[in-house]
Each structure stands twice: as C-alpha cells, then as structure tokens.
J.: 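Input: one structure, supplied below.
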Number of protein chains: 2
Amino acid sequence: MSTDSSGNLNTTDKKFPSDHTKQIIFSIRRLIQASELYTKELNKKYQVSAAQLNCILILYEYGPLPPSKIANHMMVKSSTVTGVVDRLEKKGLVERMRNSPDRRVITIQLTEAGKNLAQNAPPPIQQKIIDGLKQTENAKKEQIVRSLNMLTGMLDVRDLEVK
Amino acid sequence: MSTDSSGNLNTTDKKFPSDHTKQIIFSIRRLIQASELYTKELNKKYQVSAAQLNCILILYEYGPLPPSKIANHMMVKSSTVTGVVDRLEKKGLVERMRNSPDRRVITIQLTEAGKNLAQNAPPPIQQKIIDGLKQTENAKKEQIVRSLNMLTGMLDVRDLEVK
DNA sequence: AATAAATTATTTGAGCTAAAAAATTTTTAA
DNA sequence: TTAAAAATTTTTTAGCTCAAATAATTTATT
C-alpha cells in the first residue's frame with residue numbers, strides 16, 4: 001500500500017483530509033491573514049485601521065448611528081464598537097452625542113475631519129474584492145457565492161443578527 | 001432611470017458593488033467570525049483556544065520545534081507564537097527547552113499533559129470543514145478551490161513563507 | 001405605583017495578531 | 001582576533017474580537 005505526503009493511503013481513504021481539503025483550509029487562513037495584514041498596512045500609511053475606516057464609511061453612508069447599529073453594519077459585537085469609537089473620538093474623527101429622547105441611546109456622528117477622511121478615504125480591503133470581481137463574469141461570481149455558502153454552512157455559523 | 005436598494009443604476013453599472021459582490025464580502029466576514037466564535041467556544045469548554053490547540057497538535061505531529069517553525073505551520077508570525085506558547089507553558093502543556101547547539105534556538109516540546117491533550121483533543125475548527133467536505137463530490141471541491149484561489153489572488157496576498 | 005424584564009452602552013478580562021524595537025548569538029570580513 | 005553584519009528570539013506596543021458582568025434607562029406587568 002502506498003502513502004502520499006499527507007499520509008493518506010489513497011484518495012478514497014477518508015481518515016485524513018485530502019489535498020483539496022488542505023488547500024481549502026489553507027486558503028481560508030490566507031483570506032483571514034490577508035485582512036490582518038491589510039489593517040496593519042492601512043494603519044501605518046493612514047493612521048486608521050480597517051475597522052476604523054469601515055466605521056467611518058458606514059457613518060458617511062448612513063448618517064449618524066448608535067453603536068448597536070454600527071455593530072450590525074460592521075458585523076461585530078457592540079462591545080467591539082465601543083473601542084473603535086473610542087479611538088476614532090480620540091483622533092477627532094467622530095463624536096458621541098446624546099440627542100435621542102431615549103437617554104440610553106448614544107448617537108455617533110462624523111466630525112468635519114471624519115467626513116473629510118470619508119471623502120478621501122483609502123480603499124478598504126473590500127475594494128480589492130470589488131475591483132477583482134468587476135472583471136469576473138456573472139457565472140463565476142455565482143460559483144464563488146455558492147462555494148462560500150457551502151463553507152459558511154459547514155461552519156454552522158449562527159446567523160449574524162443584522163437587522 | 002431606476003435604482004436598486006444598493007443605489008446601483010443597473011446591473012452593468014460598475015460604480016457600486018453588485019449583490020454578488022456584497023454577498024461574497026459578507027461570506028468572507030462570516031468565515032472570519034466563525035473562527036473567532038469557535039475559539040471562544042473551545043476556550044470555554046476545554047480551556048484551550050483554537051490557536052493553542054493548533055499549536056499542540058502541530059507539536060504532536062511533528063515533534064519538538066522552535067517557535068519559528070511552529071509559526072510556519074500555524075501560518076502566523078512568530079511574535080504570535082511567543083504569546084501562545086507563554087499561555088500553554090503557564091498551563092503546563094508545553095515547555096521551553098534549550099538543547100540545540102545553536103544557542104539562539106529554543107525548542108518547544110509537549111509535556112505529558114500536553115501529549116495527553118493532543119491524544120484526546122477536541123476537534124479543531126478545521127474538522128468542520130473536513131467533515132463537510134467528506135460528503136462533497138470532487139468536482140465541487142475543485143470548484144471551491146478555484147473560487148478561493150480567485151479570492152486570495154485578488155487580495156494580493158504575499159505568499160506565506162511556509163518552508 | 002412598584003417591581004420585573006428588556007434594552008443600550010460600557011467595562012473588564014482573556015486571547016489573537018502583527019510591526020517594530022531590543023537582546024542575543026552566530027557568521028563574516030577586515 | 002576583533003568588529004561589523006546577519007539571523008533569530010523575545011519584548012513591547014497598539015489594535016481587534018468576543019463573552020460576561022455592570023450600570024443606566026425604559027418598558028411591561030402586576
């Protein structure tokens with residue numbers, strides 16, 4: 001019986017991951033790391049992290065929002081937003097307001113500097129995907145969507161509560 | 001002229017991301033968040049994070065290794081490994097050794113407790129992918145590989161130096 | 001009206017991540 | 001042999017993320 005480099009006896013042996021499986025896991029790790037490296041790069045060049053930029057762009061697109069709504073758009077938990085907003089406030093890019101009749105609610109809004117940054121924003125990481133997909137035929141895009149849906153399905157991700 | 005909910009004039013207008021593009025970006029975020037949620041879950045149930053478990057399994061598979069090699073296998077930078085190893089050492093699952101003739105090199109090895117954990121390890125996140133892919137036909141797997149390769153290509157990921 | 005339940009934002013704690021700087025050691029060159 | 005360069009690990013720093021607990025407020029119930 002012969003074995004391959006991963007120790008598989010053969011391609012039908014399901015005890016160990018196949019090469020395809022390894023490639024897929026590797027690619028997912030690459031996607032994650034790409035976003036980590038990108039945020040470091042952004043921060044160095046523009047003194048704004050990916051999360052911060054994302055937050056600014058959301059506020060620019062949707063107008064002033066409370067942290068909970070920002071969290072929904074950013075797809076993170078709202079305790080994460082608190083920290084992001086803290087750092088943006090420290091840089092004078094956003095400010096916290098209390099103007100809702102419900103006094104629990106705080107509204108975050110862009111300052112002039114924040115708007116300015118939004119208008120001259122460096123590309124968020126998504127831009128690379130957006131640009132890349134522009135030259136991609138629809139059929140292929142659908143294929144990518146299907147592939148990713150299979151993967152997210154496998155990871156049994158509970159739905160992100162985006163209201 | 002009509003606009004859709006994302007403000008697109010029509011499907012050939014390339015100024016804004018299409019729905020497919022949004023779905024793809026959303027899915028990638030889901031993959032990342034799934035791995036974050038999984039590590040929290042692991043930590044709660046087994047007092048070991050995903051990164052820590054990964055490190056343990058690598059040491060079990062390849063034997064004692066210096067941090068730099070662990071980093072290669074884990075696909076992270078070695079500064080990250082330092083912290084992971086610190087926490088594992090604190091739990092008595094690994095130990096740092098200085099046994100190389102090259103005295104800069106530190107070797108990390110599993111303790112008995114560490115080996116024990118490796119043998120009775122809870123599933124790493126990859127297991128969900130591995131299991132999910134088992135019931136997937138080869139053609140589809142290849143499709144997933146192709147899709148992910150397109151995406152990692154777009155993100156212009158510099159090759160992770162896996163030696 | 002008083003109490004209980006729900007909601008919103010924040011704090012705290014643990015962990016991951018990478019860059020940059022510092023420390024250590026080996027190798028190379030003068 | 002000694003000084004400079006290169007390699008490697010560790011430390012430091014800054015940021016993101018989430019869960020859980022807390023505080024403040026509002027809504028619902030009794």
Side-chain angles (χ1 to χ4, degrees), chain A residues 29 32-55 65-72 74-91 96-98 100-108 125 157-158 160-161 163, chain B residues 29-55 65-72 74-91 96-98 100-108 125 157-158 160-161 163:
Chain A
R29 175 66 196 130
I32 294 174
Q33 193 169 47
S35 73
E36 277 156 2
L37 294 174
Y38 193 76
T39 196
K40 301 285 175 181
E41 209 178 307
L42 260 185
N43 226 335
K44 198 166 37 165
K45 281 194 198 154
Y46 302 93
Q47 290 76 54
V48 187
S49 74
Q52 289 164 26
L53 179 57
N54 212 216
C55 181
L65 292 174
S68 55
K69 301 281 187 210
I70 296 176
N72 291 149
M74 287 179 70
M75 295 183 259
V76 298
K77 304 293 175 185
S78 81
S79 56
T80 301
V81 172
T82 302
V84 172
V85 168
D86 282 349
R87 287 177 284 275
L88 286 174
E89 203 174 30
K90 206 173 292 174
K91 292 178 195 168
R96 284 176 162 94
M97 301 269 300
R98 212 172 206 131
S100 166
D102 181 339
R103 301 211 1 262
R104 287 168 303 183
V105 177
I106 279 178
T107 304
I108 316 296
I125 179 117
V157 189
R158 8 184 209 297
L160 306 174
E161 338 106 31
K163 289 161 201 160
Chain B
R29 173 68 196 131
R30 276 177 73 130
L31 289 178
I32 294 175
Q33 194 170 46
S35 72
E36 276 157 4
L37 295 175
Y38 192 76
T39 196
K40 300 285 173 183
E41 210 178 307
L42 260 185
N43 225 336
K44 200 166 35 167
K45 282 194 198 154
Y46 302 94
Q47 291 74 54
V48 188
S49 73
Q52 290 164 24
L53 178 58
N54 213 217
C55 181
L65 293 175
S68 54
K69 302 279 187 210
I70 296 176
N72 292 148
M74 288 179 68
M75 295 183 258
V76 298
K77 303 294 175 183
S78 80
S79 55
T80 301
V81 173
T82 302
V84 172
V85 168
D86 282 349
R87 287 177 283 275
L88 287 174
E89 203 173 30
K90 208 172 289 176
K91 293 177 196 169
R96 286 177 160 95
M97 299 269 301
R98 237 204 177 102
S100 165
D102 180 338
R103 302 207 6 259
R104 284 166 302 186
V105 176
I106 281 180
T107 305
I108 316 297
I125 179 116
V157 190
R158 8 180 207 295
L160 306 173
E161 337 104 31
K163 288 161 202 160

J.: Which pairs of donor and acceptor atoms, one on a side chain in residues 44-51 of chain A, lie under 3.5 Å apart (sequence neighbours left out)?
T.:
| residue | atom | partner | partner atom | Å |
| --- | --- | --- | --- | --- |
| A:Q47 | NE2 | A:K44 | O | 3.0 |
| A:S49 | OG | A:A51 | N | 3.4 |
| A:S49 | OG | A:Q52 | N | 3.1 |

J.: Give the rounded distance in Å between these two atoms: CZ of A:R103 and C1' of C:dT10.
T.: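 It is 16 Å, rounded to the nearest whole Å.
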J.: Mark yes or no for whether A:S35, through its side chain, and A:I32, through its backbone, hold a donor-acceptor pair below 3.5 Å.
T.: yes
J.: Give the rounded distance in Å between these two atoms: CD of A:E41 and C1' of D:dA14.
T.: 17 Å
J.: Which whole-number value in Å describes the distance from B:K44 NZ to D:dA20 C1'?
T.: 9 Å
J.: With B:R96, which residues qualify under salt bridge (charged side-chain N to carboxylate O under 4.0 Å, His left out), at least two apart?
T.: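 In terms of salt bridge (charged side-chain N to carboxylate O under 4.0 Å, His left out), with neighbours along the sequence ignored, B:R96 is linked to B:D86, B:E89.
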J.: What residues form a side-chain hydrogen bond (donor to acceptor under 3.5 Å, both in side chains) with B:T82, not counting sequence neighbours?
T.: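 For B:T82 there are no side-chain hydrogen bond (donor to acceptor under 3.5 Å, both in side chains) partners, ignoring immediate neighbours.
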J.: May I have the step-by-step check of side-chain contact (heavy atoms from CB on, under 4.5 Å) for A:T107 and A:K69, ending in yes or no?
T.: CA-CA 10 Å; A:T107 304; A:K69 301 281 187 210; over 6 Å; no
J.: Show the nearest heavy-atom pair for residues B:N54 and B:M74, with the distance to one decimal.
T.: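 Scanning both residues completely, I find the closest heavy atoms to be OD1-CG, 4.1 Å.
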J.: Just jot down the side-chain contact (heavy atoms from CB on, under 4.5 Å) partners of B:S68, sequence neighbours excluded, or say none.
T.: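 By the side-chain contact (heavy atoms from CB on, under 4.5 Å) rule, B:S68 matches B:P66.
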J.: Measure from OH on B:Y38 to P on D:dA19 and round the result to the nearest Å.
T.: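 Taking OH of B:Y38 and P of D:dA19, I get 15 Å after rounding.
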J.: Find the distance A:L88:CG to D:dG15:P and express it as a whole number of Å.
T.: 11 Å
J.: Identify all pairs in which a protein N or O lies below 3.5 Å from an N or O of nucleotides 14-18 of chain C, and state each distance.
T.:
| residue | atom | partner | partner atom | Å |
| --- | --- | --- | --- | --- |
| C:dC16 | OP1 | B:S49 | OG | 2.2 |
| C:dC16 | OP1 | B:Q52 | NE2 | 3.4 |
| C:dC16 | OP2 | B:R87 | NE | 2.3 |
| C:dC16 | OP2 | B:R87 | NH2 | 2.3 |
| C:dT17 | O3' | A:E36 | OE1 | 3.1 |
| C:dT17 | O2 | A:K40 | NZ | 3.3 |
| C:dA18 | OP1 | A:Q33 | NE2 | 2.4 |
| C:dA18 | OP2 | B:K77 | N | 2.9 |
| C:dA18 | OP2 | B:T80 | OG1 | 2.9 |
| C:dA18 | N7 | B:S79 | OG | 3.3 |

J.: Among the nucleotides D:dA19, D:dT10, C:dA20, which one has an atom lying closest to any side-chain atom of B:T82?
T.: D:dT10
J.: Report the residue (A:D86 or A:D102) whose heavy-atom-nearest nucleotide on DNA chain C is the more 5′ of the two.
T.: A:D102
J.: List the protein contact pattern of nucleotides 2-7 of chain C with one symbol per nucleotide (5' to 3'): B for base contact, S for sugar-phosphate-only contact, - for none; contact means a heavy-atom distance under 4.0 Å.
T.: ----BB
J.: Considering residues at least two apart in sequence or located in another chain, which fulfil the side-chain hydrogen bond (donor to acceptor under 3.5 Å, both in side chains) criterion with B:K40?
T.: none
J.: In whole angstrom, what separates A:I106's CD1 from C:dT11's C1'?
T.: 13 Å
J.: Can you check the A:L42 CG to D:dC16 C1' distance for me, whole Å?
T.: 14 Å
J.: What are the two closest non-hydrogen atoms of B:C55 and B:V84, and how far apart are they?
T.: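 That would be CB-CG1, 4.1 Å.
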J.: What is the distance, rounded to the nearest whole Å, between atom CD1 of A:I108 and atom C1' of C:dT10?
T.: 12 Å
J.: Side-chain N or O of B:R96 less than 4.0 angstrom from OP1 or OP2 on D:dT9?
T.: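 So the side chain of B:R96 is outside the cut-off, no N or O lying under 4.0 Å from OP1 or OP2 of D:dT9.
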